[in-house]
Amino acid sequence: MAIGGLKRTHYCGDVRTSDIGKDVVLFGWVQNWRDHGGVIFIDLKDREGIVQIVFDPSVDEEIHRQASKLRSQYCIGVKGRVRHRPEGTVNPNLKTGEVEVVADTLKVFSECENLPFPVEEYVHVNEEIRLKYRYLDLRKPTMQKNLIIRSKGAFSARKFLNEQGFIEVETPVLTKSTPEGARDFLVPSRLSPGKFYALPQSPQLFKQLLMVSGFDKYYQITKCFRDEDLRADRQPEFTQIDLEMSFVEENDVMEITEGIIEAVFKGTIGYEVKRPFKRLTYQEAMSRFGSDKPDMRFGLELKNLTDIVKDTNFKVFRNVVEKGGIVYGLNAKGCIDFSRKEIDDLTNLVAIYGAKGLAWIKVKKSELQSPIVKFFSKEEIEGILKRLDAEPGDLLFFMADTPKVVYDSLGALRLEIGKKLKLMDENEFNFVWITHFPLFEWNEDENRWEAMHHPFTSPKEEDLELLDKNPEKVKARAYDIVLNGVEIGGGSIRIHRSDVQKKMFKALGISEEEAQIKFGFLIEALKYGAPPHGGLALGFDRLIALILKEKSIRDVIAFPKTQKGVCMLTDAPSEVDEKQLMELAIKVRKTKKE
RNA sequence: GGAGCCGUAGUUCAGCUGGUUAGAACGCUGGCCUGUCACGCCAGAGGUCGCGAGUUCAAGUCUCGUCGGCUCCGCCA
């Protein structure tokens, strides 16, 4: 099919010296123009790259006149002959830099009004305006590359999973609201006035039902929805590579997951990941790194000092230990020259996580400089220095508080110091599995146990009897996968027995009646020959962002939302007609501000 | 719900302890230019300083509020 009498022969970025002498037809956008009064150069761009078009008045005066009107981002078609560039005018920065196309035909498909911002890679533009004109932003080579790599990543995952015998099954987007977990997005039902669907937080229950059906291996690359506050790595709708397998235990799921990641890295940037990935228990991750998603590209590990200082005269520490708290230290190697202000900044950092202060010791050759050292006995000091491997030039930090505050704040401090000292190799991809998670987590606000992963996660077999009396001691058959300090996926072996599932609901304080209303279909399904099964989901946006070294997943999503959940391009969410609301039997309440 | 940073021309930014007519670069418009490639040269247009109060003789600048963007805490099974 010919467009405007032209049929494309090449992408702009694909013209090479092997095409010299050929007539080519190119379609694309004017990236730049250089009008020398006589000869005019146009940089014509499409998704594959840029090629230089030459309009020479001695070739065709009329076309040259038309070309003088071309401006930035006009969409045009060009026919012309490829030739080698004259000596001394080769541009080594372009793939097509050795050649140029002498145009004999020019077709302007669309002119372009004054742009809201330059469509140029080298001009930094505010994200707000980039998102409003996202279609222009996506014309930039980096954004095109990001989405192309994303596409290749999805393809690689699909290819691998298909080769492994997985079957892709679509699950409903209009589904049932579930009380546990994230806040649901609700969709009102017209046919059942006053009732609502929910968008899925994940296909969790459906994929378990598919195991009951006997599909054995399921996967889906699919959107999930969570109505929670946004972050650089969190959007209200995001994409998961979701999978589930029957007759498996933890290692089977972990091996398949490593295979997907291996395939995706190879299929996107040609990177060979090292397998198998490291493994760490939850407890070890917390006590060594202060995080269940440790960045293991560098050391700077935390050390437990509770046993050394539990009887100390330093009241601040002793009181904490007496109340069941812990005392940890962190040796910032060679950081003795940190200024007062730098230490203040770090104190402000840990305060975000609830830390009431940040004690420190500077280790000099002949003395210790510190506001707290005078409170300790000689033995305590020696024990601390030894535990922290302290040497002259080191700066030691201390935190005494509840385990949560100590881990959160020292974990954050570790990352900040790691960043300050540039301890992370930006080119490294460091994977680690976190295993042996607690099954439950105490919810202070609601005064009850909550599932740390989700309520369908199987307890470790040997902990089954602890379910009633010591829920805090029960370990889950759950695992997370972490890359460079970012959680990129997680999963578990599920409960496949309805009696165990009932016990689980009970431990969560969900009454039998409530469980029946919310999850009755699952409990029922588990009664009909449910196989042992388990699975995992990978956060696809995060994975691609890490592969591309992008700081935000917005840069790997075509049309993302702002922190308030607004789409700058379409202005969603928006008000709807009264008529639409009537049909749905919905009345909108005025918010306080109105 | 909370904390921090930011908001000045189409874009990216500068604008000091408050002080005449708010600047630069790029872009845009017009003109010149036959080998440039983020072309070059000349001329020109372009601003409710996010919005609203307040302090002051005087506010882009100080204060308070508000809106928006970003980062983070809470939240995210």
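Naming: A, B, ... by sequence-line order, numbering from 1 per chain.
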Expressed as a whole number of Å, how far does the P atom of B/rC70 sit from that of B/rC62? 25 Å
For a quick check of understanding: with a heavy-atom distance under 4.0 Å over all strands, which category does A/Asn126 fall into, base, sugar-phosphate or nothing? sugar-phosphate
Using the ring centroid of each side chain, check whether A/Tyr328 and A/Tyr407 are separated by less than 6.0 Å. yes
Roughly how many Å apart are B/rU56 and B/rA14, using the P atom of each and rounding to a whole number? 31 Å
Mind jotting down which residue pairs meet the salt bridge (charged side-chain N to carboxylate O under 4.0 Å, His left out) criterion with at least one end in residues 476-487 of chain A? Sequence neighbours excluded, please. A/Glu250-A/Arg477
Scan residues 508-520 of chain A for pairs that pass salt bridge (charged side-chain N to carboxylate O under 4.0 Å, His left out), counting only residues two or more places apart or in two chains. none
For RNA chain B, the residues among residues 537-545 of chain A that have a non-hydrogen atom under 4.0 Å from it: none
Give me each pair satisfying salt bridge (charged side-chain N to carboxylate O under 4.0 Å, His left out) with a member in residues 36-56 of chain A, each pair once, sequence neighbours excluded. A/Arg34-A/Asp43
Just the table, please: protein N/O against nucleotides 41-43 of chain B N/O, every pair under 3.5 Å.
none

Looking only at the side chains, is there a donor atom on one of A/Gln73 and A/Gln31 sitting less than 3.5 Å from an acceptor on the other? yes
Excluding sequence neighbours, so at least two apart, what forms side chain to side chain donor-acceptor pair (under 3.5 Å) with A/Asn443? A/Glu450
Among residues 558-574 of chain A, which residues get a heavy atom nearer than 4.0 Å to RNA chain B? A/Thr562, A/Gln563, A/Lys564
Hits for side chain to side chain donor-acceptor pair (under 3.5 Å) against A/Thr239, two or more places apart or cross-chain, chain-then-number order -> A/Arg150
Ion pair check, A/Asp344 and A/Lys341, cut-off under 4.0 Å: no
What pairs meet the salt bridge (charged side-chain N to carboxylate O under 4.0 Å, His left out) rule with one or both residues in residues 113-129 of chain A, with sequence neighbours excluded? A/Glu127-A/Arg554
When the C1' atoms of B/rU11 and B/rA58 are compared, how many Å lie between them, rounded to an integer? 32 Å
Any residue meeting side chain to side chain contact (heavy atoms under 4.5 Å, CB included) with A/Thr281, in chain and number order, not counting sequence neighbours: A/Gln283, A/Glu284, A/Thr435, A/His436
Nearest-angstrom distance, C1' atom, B/rU29 to B/rU48: 24 Å
A/Tyr197 meets the ring-ring contact (aromatic ring centres under 6.0 Å, His included) criterion, sequence neighbours left out, with none
Reading nucleotides 23-36 of chain B from the 5' end, what letters show protein touch, with B for base, S for backbone sugar-phosphate only, - for no heavy atom under 4.0 Å? -----SS---BBBB
